[in-house]
Protein chains: 2
Amino acid sequence: MAADEQQAVLEGRLRSAQLKVTAPRVAVLGVLSKRGHLDAETVFSLVATSLPKTSLQAVYGVLGALVTAGLIRKIEPAASSALYEARVGDNHHHVICLNCKNVEDVDCIIGASPCLTPSNLQGFAIQSAEITFWGLCSKCQLSPDAS
Amino acid sequence: MAADEQQAVLEGRLRSAQLKVTAPRVAVLGVLSKRGHLDAETVFSLVATSLPKTSLQAVYGVLGALVTAGLIRKIEPAASSALYEARVGDNHHHVICLNCKNVEDVDCIIGASPCLTPSNLQGFAIQSAEITFWGLCSKCQLSPDAS
DNA sequence: CAGTTGTTTTTAGTTATTCAAAACAACTCG
DNA sequence: CGAGTTGTTTTGAATAACTAAAAACAACTG
């Protein structure tokens, strides 16, 4: 797919979410469509390569708007800053490396639905369940010192 | 159980974790043994009622030491500050109210173990799984405006 | 009970994030 | 297609939660 075709797809996604199409929004969505699990700072620096005038605050604003619109998802793992990903709509989860903090998607859980029924709901009306696995990634199993 | 008996139990727990027994530590552990899911600020204010000289930084230090020793557990739910609880050793999870942020324990998950096997491990050596349920507590289902 | 080790106090600093006002740009509608 | 309205981005500053460092102090050892 050509670069401008890609651009058009992103613009379409913004428009169908009733969001005004602006350069920072297209850029942020583009960055997150290529690579997920990025923090605001990283998104900012990647956006800055094509749009150097974009401010970090604008990136925070865009990320907030995209999350609200449901175009991206925000995850907030313990002990790290918020991460964003463009993969939405499916109920996938995450594995995070205890050593290098690398995040990978976990497509699904064996026997998903029944497992997500807590035995004791305390009267809560559950709307979603969030699962995070913690462990060592293949690289850090070999050399636990690496970043 | 009398107050000084309770005190002795807490001191014993600290001692068996090879921690020096100090007033702030006993107080923090006491507070968290009574009530869980408290943030550092709340622990601080509760400790301050009996030990007014204790600083917030001391509370952070104590909380860190107790977490490292495995006497308390730290949870970091999305969009709120870190919470601490004295219930450790069992693999329980949490339900959090989307409206009032109240946290309750979820004792276990139906068919627990198999459900926590991700279908795609990405080469990770999993060490733990963390499940957070989000929903509305019984009170907020009736009046969603309440704090 | 003196010494050592480790804890707490006090004072500062950092990081991720949010807020607010003014400048500006996108889409609407004539 | 051009002005107006609405909403976005910039700029500059503030905040909350937490961490760091040095000095004062207290707990356990022998």
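None of the values given here were measured: they were computed from a predicted structure. A note on names: the letters A, B, ... follow the listed sequences, proteins ahead of strands, and every chain is numbered from 1.
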Peer 1: Enter the distance from A/Phe133:CZ to B/Gln127:CD here, rounded to the nearest 0.5 Å.
Peer 2: 13.5 Å

Peer 1: Listed by chain and number, what are the ring pair (Phe, Tyr, Trp, His ring centres under 6.0 Å) partners of B/His37, not counting sequence neighbours?
Peer 2: B/His94

Peer 1: Would you please name every residue forming a side-chain hydrogen bond (donor to acceptor under 3.5 Å, both in side chains) with B/Thr132, sequence neighbours left out?
Peer 2: none

Peer 1: Once side chain to side chain contact (heavy atoms under 4.5 Å, CB included) is applied, do any residues pair with B/Ala17, and if so which ones, sequence neighbours excluded?
Peer 2: B/Leu19, B/Ala69, B/Leu71

Peer 1: Strictly distance-based, threshold 3.5 Å: is any side-chain N or O of B/Glu130 a donor or acceptor partner for the main-chain N or O of A/Glu130?
Peer 2: no

Peer 1: According to salt bridge (charged side-chain N to carboxylate O under 4.0 Å, His left out), does anything in residues 20-44 of chain B pair up with another residue at least two apart or in another chain? List the pairs.
Peer 2: none

Peer 1: For A/Thr54, give me all partners under side-chain hydrogen bond (donor to acceptor under 3.5 Å, both in side chains), at least two apart in sequence or on another chain.
Peer 2: none

Peer 1: Ignoring hydrogens and geometry, is there a side-chain-to-backbone donor-acceptor pair from B/Glu11 to B/Thr22 under 3.5 Å?
Peer 2: no

Peer 1: Taking salt bridge (charged side-chain N to carboxylate O under 4.0 Å, His left out) as the cut-off, I'd like each qualifying pair that reaches into residues 90-99 of chain A, sequence neighbours left out, listed once.
Peer 2: A/Arg87-A/Asp90

Peer 1: Side chain of B/Glu104, backbone of B/Val95: donor and acceptor closer than 3.5 Å?
Peer 2: no

Peer 1: Quick check on contacts: within residues 12-25 of chain A, what sits under 4.0 Å from DNA chain D by heavy-atom distance?
Peer 2: A/Lys20, A/Thr22, A/Pro24, A/Arg25

Peer 1: Rounded to the nearest 0.5 Å, what's the gap from CD1 on A/Ile131 to CD1 on B/Ile131? Could you check?
Peer 2: 4.5 Å

Peer 1: Would you say A/Thr42's side chain and A/Leu38's backbone share a donor-acceptor pair under 3.5 angstrom?
Peer 2: no

Peer 1: Any heavy-atom pair between the side chains of A/Val21 and A/Leu10 that's under 4.5 Å?
Peer 2: no

Peer 1: Just how far is it from atom SG of B/Cys97 to atom CH2 of B/Trp134, taken to the nearest 0.5 Å?
Peer 2: 10.0 Å

Peer 1: What salt bridge (charged side-chain N to carboxylate O under 4.0 Å, His left out) pairs are there with at least one residue in residues 55-83 of chain A, not counting sequence neighbours?
Peer 2: A/Arg73-A/Glu85

Peer 1: Please list residues of residues 29-44 of chain B whose heavy atoms come under 4.0 Å from any atom in DNA chain C, ordered by number; otherwise none.
Peer 2: none

Peer 1: Can you pull out the residues from residues 68-85 of chain B that lie within a 4.0 Å heavy-atom distance of DNA chain D?
Peer 2: B/Ser81, B/Ala82

Peer 1: Which two nucleotides bound the region of DNA chain D that has atoms under 4.0 Å from heavy atoms of chain A, read 5' to 3'?
Peer 2: D/dT6 to D/dA13

Peer 1: Among residues 49-62 of chain A, which residues get a heavy atom nearer than 4.0 Å to DNA chain D?
Peer 2: A/Lys53, A/Thr54, A/Ser55, A/Gln57, A/Ala58, A/Val62

